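Numbers here are sequence positions counted from 1. Everything numeric in this text was worked out from a predicted model, so none of it was measured. Below, each value reflects all heavy atoms present in this structure, side chains not excepted, and no hydrogens, waters or symmetry copies.
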Amino acid sequence: MNVLLWVVYPYLAIAVLVGGVIWRYRYDKFGWTTRSSQLYESTVLRWGSPLFHFGVLMVLVGHVGGLVIPKPWTEAVGISEHLYHLMAVFIGTVAGLCTLIGLAILIARRRLTGPVFAATTRNDKAMYVVLAGVIVLGLLATVRANVLGDGYDYRETVSPWFRSLFYLRPDPEVMAGVPVGFQVHILAAFALFAFWPFTRLVHAFSAPVGYLTRPYVVYRSRDVRPGLRPVRRGWEGPPRLPEPRSGRDHARR
C-alpha cells in the first residue's frame with residue numbers, strides 16, 4: 001500500500017498532468033482560456049478574484065520553499081527551525097484563509113448570479129470541489145498539527161520524499177510516519193494535479209511573455225480644450241456646412 005500511494009500514484013498523477021497539458025495545448029488551443037465571466041458580473045469578482053489569486057500565490061511560494069529547499073540550506077542562512085515554524089504557521093494560515101475566503105466568494109457569486117451560474121459547467125463544479133477540498137485539508141492539517149498540537153516538522157519527512165520523486169529514487173517508508181492529515185492533503189493535491197489540465201485552471205501555465213517584446217501602441221494626443229486644436233486638411237478637418245443661399249437665388253429658381 002505504501003508503494004501504491006507514495007510511488008505509483010504520484011508518478012501517475014504527474015504523468016497525467018504533463019501529458020494532459022501537452023494534449024490540451026496541441027488539440028484544444030481555443031479552449032485554453034479562463035472562460036472569464038466578468039462581462040456578466042464584475043462587482044463581486046473585483047473582491048473575490050484578487051483575494052483568491054493572492055492567497056494561491058502565497059501558498060505556492062510557501063510550498064515551494066518548504067518542499068524544494070532543503071532544511072540545512074535555510075539553517076545555513078540563519079533561519080532557525082523555531083523561526084521557520086512561526087513564519088510557516090503564520091504566513092501559511094493567513095494565505096490559506098485568503099485563498100479559502102476568496103474561493104468562497106467566487107463560488108457564491110457563481111451560484112447566486114444567474115448568468116454566471118448558467119455559464120457554469122459540470123467540469124467547473126467538480127474543479128471547485130477538488131480545489132476547495134485541497135485547501136481545507138491543508139488548513140486543517142496545519143492547524144491541527146502546529147496550532148492545536150505540539151507541532152510537526154514536515155521538512156524531515158514530506159520534503160525529502162517529495163524531492164526524491166524527481167531523483168527517481170522515492171522512499172515510501174518515509175511517508176509511513178506522517179500524520180494522517182498531511183497524508184490525505186498530499187493525496188488530494190496529486191488528484192488536483194491530475195485533474196488540472198482538463199479544467200480552466202490550465203490557464204495558470206500561460207504567461208503573457210509576448211507583451212515584453214511587442215511594439216508599442218502609439219496613441220495620438222489631443223488637447224481637450226475646445227478651439228485650441230489646429231484645423232487640418234483632409235478627412236481630419238471639421239465638416240463644412242453649406243453656405244446659405246440668398247432670397248434672389250431662390251426667386252430665380
Side-chain angles (χ1 to χ4, degrees), residues 1-2 5-6 9-10 13 44 47-75 78-111 125-165 172-196 199 201 204:
M1 183 59 67
N2 286 336
L5 293 179
W6 310 117
Y9 175 68
V44 180
W47 289 94
S49 181
L51 193 62
F52 171 75
H53 286 88
F54 168 77
V56 167
L57 181 61
M58 295 301 296
V59 169
L60 178 62
V61 172
H63 279 70
V64 170
L67 297 176
V68 178
I69 301 177
K71 183 178 179 179
W73 291 17
T74 57
E75 293 179 347
I79 301 178
S80 63
E81 173 58 28
H82 179 68
L83 178 60
Y84 180 87
H85 176 76
L86 293 178
M87 293 174 55
V89 172
F90 177 75
I91 299 177
T93 303
V94 172
L97 289 176
C98 290
T99 306
L100 188 61
I101 294 173
L103 182 62
I105 294 175
L106 295 178
I107 293 176
R109 167 184 174 271
R110 187 164 292 275
R111 182 62 184 87
K125 297 177 183 178
M127 181 268 295
Y128 279 119
V129 171
V130 177
L131 183 59
V134 174
I135 298 172
V136 171
L137 290 173
L139 278 175
L140 290 177
T142 301
V143 173
R144 183 177 180 181
N146 298 315
V147 179
L148 302 179
D150 298 331
Y152 178 72
D153 188 7
Y154 65 92
R155 294 194 298 167
E156 295 183 352
T157 54
V158 180
S159 298
W161 166 79
F162 181 79
R163 292 193 297 268
S164 68
L165 293 175
E173 300 299 330
V174 177
M175 296 295 297
V178 175
V180 178
F182 285 93
Q183 291 182 347
V184 177
H185 173 60
I186 295 170
L187 295 177
F190 275 101
L192 177 63
F193 294 155
F195 191 39
W196 195 293
T199 66
L201 295 176

Exercise. To the nearest 0.5 Å, what is the distance between CZ (Phe52) and CD1 (Ile107)?
Worked result: 9.0 Å

Exercise. Do you know the tightest heavy-atom contact between Leu137 and Ala188?
Worked result: CD1-CB, 3.8 Å

Problem set entry | Approximate separation, where rounding is to 0.5 Å, of Thr99 OG1 and Leu51 CG | 7.5 Å

Problem set entry | Shortest non-hydrogen contact between Phe195 and Val130, atoms and distance | CD2-CG2, 4.3 Å

Problem set entry | Heavy-atom check, side chain of Arg155 versus side chain of Ile69, under 4.5 Å | no

Exercise. When rounded to the nearest 0.5 angstrom, what is the spacing between OG in Ser80 and CG in Leu86?
Worked result: 8.0 Å

For this session: Check Arg163 against Leu67 and note the closest heavy-atom contact, atom names and distance.
Result: NH1-O, 3.1 Å

Problem set entry | N/O donor-acceptor pair under 3.5 Å between Thr157 side chain and Met175 backbone | no

Exercise. Taking all atoms of both residues into account, what is the closest heavy-atom pair of Gly66 and Tyr154, and its distance?
Worked result: CA-OH, 3.5 Å

Problem set entry | Leu201 side chain near Leu192 side chain, heavy-atom distance below 4.5 Å | yes

Seminar exercise, completed: Heavy-atom closest pair (Asp153 atom, Lys71 atom, distance to 0.1 Å) is OD2-NZ, 2.8 Å

Exercise. Is there a side-chain contact (heavy atoms from CB on, under 4.5 Å) between Gln183 and Leu5 once you walk through the steps?
Worked result: CA-CA 10 Å; Gln183 291 182 347; Leu5 293 179; over 6 Å; no

Problem set entry | Plane angle bin for Phe190 and Tyr9 - parallel if under 30°, tilted between 30 and 60°, otherwise perpendicular | perpendicular

Exercise. How long is the gap from NE2 on His63 to OG on Ser159, to the nearest 0.5 Å?
Worked result: 10.0 Å

Exercise. Can you tell me if Thr199 uses its side chain to pair, donor with acceptor, with the backbone of Trp196 under 3.5 Å?
Worked result: yes

For this session: Please confirm whether the backbone N or O of Gly181 pairs with a side-chain atom of His185, one donor and one acceptor, at under 3.5 Å?
Result: no

Exercise. Stepwise, does the side-chain contact (heavy atoms from CB on, under 4.5 Å) test hold for Val61 with Ile91?
Worked result: CA-CA 10 Å; Val61 172; Ile91 299 177; over 6 Å; no

Seminar exercise, completed: So CZ of Arg109 and CD1 of Ile105: to nearest 0.5 Å the spacing works out to 11.0 Å

Exercise. Shortest non-hydrogen contact from Trp6 to Leu165?
Worked result: O-CD2, 4.0 Å

Exercise. Could you state the interatomic distance from CG (Leu83) to CD (Glu75), rounded to the nearest 0.5 Å?
Worked result: 11.5 Å

For this session: For the pair Tyr152 (side chain) and Phe182 (backbone), establish whether a donor and an acceptor sit closer than 3.5 Å, ignoring hydrogens and angles.
Result: no

Exercise. Counting only N and O atoms by type, is there a donor-acceptor contact under 3.5 Å from the side chain of Trp161 to the main-chain atoms of Pro172?
Worked result: no

